[in-house]
Structures are given as structure tokens and as C-alpha cells.
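First up is the structure itself, then whatever we jot down about it.
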2 protein chains.
Amino acid sequence: MSKKPKLETVAKEAGVSVATASQVMRGAGRISELTRKKVRLAAKKLNYVPDGRAAAMRSGENREIGLSIHKIANPFNAEIISGASDLFESEGYLLSVLDARDDAERQRNQLEAFIRSTRGGVLWVPAEDTPKSTFELLTTHQLPSVTFLRRSEFADLDHIGIENAKATAEATHHLAELGHRRIAFLGGTARVAVRSERIEGYTSALAQLGLGAPIVWDCEDGRVAGMQAMDEIRRQHPDVTALVCNGDMVAIGACLALQRRGEMPGREVSVVGFDDIQDAELAVPPLTTMAVSPYMLGRKLARVMLERIREPDMPITVSHVPARMVLRETTKPPMQR
Amino acid sequence: MSKKPKLETVAKEAGVSVATASQVMRGAGRISELTRKKVRLAAKKLNYVPDGRAAAMRSGENREIGLSIHKIANPFNAEIISGASDLFESEGYLLSVLDARDDAERQRNQLEAFIRSTRGGVLWVPAEDTPKSTFELLTTHQLPSVTFLRRSEFADLDHIGIENAKATAEATHHLAELGHRRIAFLGGTARVAVRSERIEGYTSALAQLGLGAPIVWDCEDGRVAGMQAMDEIRRQHPDVTALVCNGDMVAIGACLALQRRGEMPGREVSVVGFDDIQDAELAVPPLTTMAVSPYMLGRKLARVMLERIREPDMPITVSHVPARMVLRETTKPPMQR
DNA sequence: TGACAGGGATAAAACGTTATACCAAAATCC
DNA sequence: GGATTTTGGTATAACGTTTTATCCCTGTCA
């Protein structure tokens, strides 16, 4: 119908000043109960919704947070987003999400867009090969930023990660206890910290157990890449009887490849995944994996961001959420030959 | 270091007025090449990024679009988002995504948040049971809105859908040609138009073929629900030899259940999926499915939104993208008994 | 009664841009 | 060479809020 109502319209309708109306809307200041009612009534009648950007501009407060992640479609990531969203929502913040598709340049543009559209803070997992300049961009604009999952060497930012090394070490020990002697690491592509941490845990466990040289096999994150990789490994390393994987998708792919060859996960090759996505439990056979709660990670993420916003000079926080082993059916003692 | 630079800072640095600086930044007005250079240099030097909300507020233009969808983690949906994002990005718009998790109330809150934070438009797929009031919210605020995938009876909005009925009819005919006589429809829960359209296509094909009463089986969207449903169907309708599914996830779940029972997709029961998500091709055996290009759908979505923004009084557009059958290995002639 | 306190409301200045109107100087015209 | 146009630039008022300082009024106290 009519034009979009502004505070002035509401004030006029209620017969008060804009200043008063503003105070009522925010529940601030000292205004009598009578006028409060009048204003609220007028606002309702006109279907008034305040203009957030004008408010934000004047007050300096900013209740919009941006998030940029390498892959929205990944269910693990989606759960993190849910967790963060929920907490933000309950605090009156709005989280808006962008998919960087692991492209450092696209991500830089996204971060710039966040700055232009004045987000109050940014949560992000740095794309592979993120240059130092991207981090500088954030610091020169004094934008509260928290990274998660992947930590960069350049980052001088709050961070929430996973106890990666500890987890893969645990997985490796588990496989060794079952009797496996030739254990490989599968998944991921180089240059992100998550992966090097996981490889580190795997490698050091191997060393500690005296189990010979590590075998690290690169592959993209995803079912299909996992399948191809498994086929290759069977061909080139027929002595490998167990796999520690960089993610559940790869692990499931590996299992599928085994089945396609007429073999069985847990028989010819034992497989441990990482993340415990929903599919891990549903796979046939169900996947043994290192579980972390992405939802909780998301909530924690949001909490750290809120603290950082409230206390910009707080020292940098780096924290790690634990992973626990979930035993299912893809890890068994090796076959006797 | 210093405070965040504003246009005034840049102008001072370049020795010109704010007005001039503004014009240079936007590439508008009549300014000599010399001063253009000076201003651009100053801007770069100070790492200046304009405050989008101040600009938007004054100019009335708004280059932020909101999107609310029922499930971000769904790879089909994620592809739609990518498509829309890409087109928006190339036009200088920013798309921010919210996950409604198919909760009408949460979605309403998200839309309200979009209004408060003055998005220039909203793309959304209505959650199940979205009440009329949600649509009214959008119209009273004159917010350019486009729905997609699911069309509501209340909606008086632009819409992009899929040729659902046509696709399931085609799938049903395909199965009938292979020789199947007892064909069931599996997947989805009631009350969204996508599903009723698909059921409609299935049912009318059945009628046309003279194949008896339809069997429609509800289940949640997802692998696990599909598995459970398949087990139930085998038990209660042993005569069913083919399935038209509401989505690939459910279809894959159904296939998994068959395998778990020692049966084979395409042998005991033929299965046709819907969407052609990446996993459909990778599944063992690969899934026959009705393919639609979610990326293209996303681009189209963005294009419609831009048109609507440019031409607010344009008549409502409702368009449908086609689905084409992709033959793989889960549909075969029925076994002889 | 005069001073004072304090509750209730408001005018006006800000926030960082863009749009409008206007001006000075240089260039063009007849 | 004076009038007119063009070019390049600027001062200033918006945009819709919040904040600050200020003001008026009523009641209280000594």
C-alpha cells in the first residue's frame, strides 16, 4: 500500500517525537508506561520494522556476522553452520553464509564484500593457499575474525580447531592393536594445517610403534576421489592392510571401491574415517571413525566471536575440540594369509 | 593502526572534496583523469573500502540478497546456491544464505531478519506448512521475493520450479516399458507442492497405462529414511518391482537396503531417483535418475531476481526447468519368477 | 516560598555516504 | 570581444536511525 513506514511516521501516529519513539522501540531511556503503549500500538498498526542499517550506522553496533567456508554441501560443515546460527540467533545476531568452494581468490572477494557490507565480524576457514594479504585485509579493517578447522601460519586470529594429531594417533594405535603392520594415510591435498596435523599424528604413532615408513596418499575430499585412490593403493601397495583417512567421505569412497572389487572393508583392508558424518553410521558396513561434534564446534565458534566483539583487545584464543573414536565395522584384525 | 578510513580521509589525502572522491569511487560524474588518479591512489594507500550500508541508505539501491532454504547440506541445494551466487557476484551483488532446516517459524524469523537488515530481495523455498502470514509479511514490506522448488498456494510471487509431473510420468512410463506392472512412489512427506506434483505425474501415468492403484509411501528425505522405507515396502508389498523416488538420497537409501537384504537394485526392484546429485553416478550400482541442473536453476533464479528488482511492477513470472532421464543401472526388466 | 531533585519528553547533532544544485574557469561561438 | 556553453569541481542537504544535552514540569523538602 503506502510507503514503507519510518520512525517518524510511527512517532507522528503516536503523537510523540522521533526520539521518544526510538527509545520505546529499543526499550531504553525513561519513558512512561502510557506513552510506551501508544508508541507500540502505532508501530504495530503501521507494521513498522526498523531499518537495521541506519541503526547500525549510527550506533556503531553491528549484529550481522559473515561466514565463509570451503564447502557448504559438506554435511559436517553444514552442522557447524547450524550450531553457530542457532547461538547467534538467540543473541539477536544474523549469520550469513558464503561458499568459497576452496578458491582463495573467491574467498578474498567474499571477505571484501563482508567488509563493504560492514559485517560486525567474520568466521572463516581459510581456503587452500590463502596469501598473507588476505589476513592483512582483515587486520587493517580491524574486523573481528575467527578462523576454524584450518589454521594458517599467517593467522594472528582467534581459532577453533580439532585435536587432529591426537585423533589420528589414536586411530593408528587402534589399528596396530588389531594387528595391522602396514598402515597408510589417505586423503586431503597438501598445504592445509588440518591435514598436516593429522599426518603428524599418524606419522608419530607409526614411529612410536616402530611400524616403518609412513605412506601418505593424496586425494581430493569426496567419495569419488576416495574410490579412485583406493584402487590405486590396492595396486601399488598390496601389503597395506589398514587406512587412516582424512575424512569420512574419502573413507566411504575407499570402502565402496573395495566392495566394487569384490573385497570387504574390515577384511582385506580396515578403514578409519574422520568426522563421523551421518553417512558414516549408515554406510554398509558402518564406518569406524573419529567423531567430533560439528554442532558444538559451531556454537563454540559463535561464542568466541561474541566475546571478541565485546572485548576487542582480549588476547588471541586458540582452542581445540576433541575427537573420540567410534568403533563400527570397518576395522577388524587383518586376514591371515 | 589508525582508525578506519572514510571518504573524508581519502578526499583529504588526495586534496579534493568528499563529493569528488565519491564520484571517482563510483566512476560517475565528470572528473578529469588527473584527479581520478589522485583519488584512486589515495584510496589504495589508505586501504579504503566504502561503507556499503551508508551508500545503500542514501542511494536507496541495495545490493544484498538473502536466501533461505530448507537444507543447506543437501548437495542439490548447494549447487543451486553456487549458481545463484556466481551470477549475483558478477553483477556486484552479495548473496547471503540461511538454513531454515524446514522449520516454518525459524524461516519466518529469518525473513524478518532479512527485512530488518534491509536485504534488497529474498530468494526462498517455503518451509513445509508455511502460513499465509509469512507471505503477507513480504508483500507488506514490498520486498522483491522469488520462491523456488516449492510453490505455495498462498504465493503471489515469482517462482522457479521443476517440471515435476512430467518427469515422474516419464520415469513411470520408462519402468512400464521395461515390463514392470506394480510400481510404487517413494519419498517425501506430505504438504509440499513439489511432492504432490511428482505424485500427480506418477499417478496419471499409472492411470494412462492402466496399471492399477498407486502406492505412495511417505518418508523423510535422506539415505537412512530411504533404507527403512525400502525394508517396509519389501515386507508389505512384495509384489512391487519398481520404485519412482522423490529424490536421489531416498533412492540411494532404498538401494542400500536392498543390498543389505542380499538383493540387487535393478533385479528384485528397479529404482529411479530424482535430481541426479553427484552420488547418483557414484553409487554402486549407479542410479538411474531424473536429472535437473541445479547450477542452472540457481543462475536463472538470480536472473529473475535481478529483473524483479529492476522492474518491480513486472507481472509475476512462474517458470519451470525441465528434467531429463539419465539411464544407469538400477532399472532393468523385472525378474521372471 | 524558594531551592532542588528527578521523571518524562524532546531538539538537534551525529553516523558515512550520495544526489542536487550551484559555481568558477576555460573553451567556444558569432 | 562579449555572450554562451562546457568542463571540472564543490557545498550542502538528504537517507533513517541513535545519542547527548537540554528543557519543562511536578512534587518535595527545609
Kindly determine whether A/R303 and A/E307 satisfy salt bridge (charged side-chain N to carboxylate O under 4.0 Å, His left out), including the steps that lead there. CA-CA 6 Å; A/R303 227 172 293 123; A/E307 278 170 26; over 6 Å; no
Evaluate the side-chain contact (heavy atoms from CB on, under 4.5 Å) criterion for residues B/V194 and B/I162: first the C-alpha distance (whole Å), next the side-chain angles of each, then the deciding distance (0.1 Å), finally the verdict. CA-CA 8 Å; B/V194 202; B/I162 296 172; 5.8 Å; no
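At whole-Å resolution of the value, NZ in A/K12 and P in D/dT17 are 13 Å apart. Look at CD on B/E61: it is 14 Å from C1' on D/dC15, rounded to the nearest Å. Atoms CD (A/Q23) and C1' (D/dT20) sit 11 Å apart, rounded to a whole Å. Summarising the geometry, the separation between CZ on B/R30 and P on C/dA27 is reported as 15 Å, rounded to the nearest angstrom. For the pair B/L46 CG and C/dG16 P, the computed distance is 15 Å after rounding to whole Å. Distance, A/R53 CZ to D/dT18 P: 14 Å, rounded to whole Å. If you measure from atom CE of B/M57 to atom C1' of C/dT18, you get 11 Å, rounded to the nearest angstrom. Summarising the geometry, the separation between CG on B/L7 and P on D/dT10 is reported as 12 Å, rounded to the nearest angstrom.
Between B/S32 and D/dG9 there is a side-chain polar atom (N or O) within less than 4.0 angstrom of OP1 or OP2. Look at B/T35 and you'll find a side-chain N or O under 4.0 angstrom from OP1 or OP2 of D/dG9. At the phosphate of C/dT10, OP1 or OP2 sits under 4.0 Å from a side-chain N or O atom of A/S17. Listed pair B/Y48 / C/dT17 meets the phosphate criterion, a side-chain N or O lying under 4.0 Å from OP1 or OP2.
Residue-level contact check: B/E8 touches neither bases nor backbone, having no heavy atom under 4.0 Å from any strand. Residue B/R26 is in sugar-phosphate contact alone, with no base atom involved, counting any heavy-atom pair closer than 4.0 Å across all strands shown. Heavy atoms of A/S22 sit under 4.0 angstrom from at least one base atom. Residue contacts for A/A19: at a heavy-atom cut-off of 4.0 Å it reaches a base atom on one of the strands shown. Nucleic acid contact class of B/T20 (heavy atoms, under 4.0 Å, all strands): base.
Side-chain N/O atoms of A/R58 and base N/O atoms of D/dT18 include a donor-acceptor pair closer than 3.5 Å.
Salt bridge A/E33/A/R40: present, at least one basic N to carboxylate O contact under 4.0 Å.
Between B/V49 and A/E112 the shortest side-chain heavy-atom distance does not fall below 4.5 Å.
A donor atom on one side chain and an acceptor atom on the other are not found under 3.5 Å apart for A/T134 and A/Q107.
Residue A/S59 places its side chain closer to D/dT18 than to any other of D/dT17, C/dT18, D/dT18.
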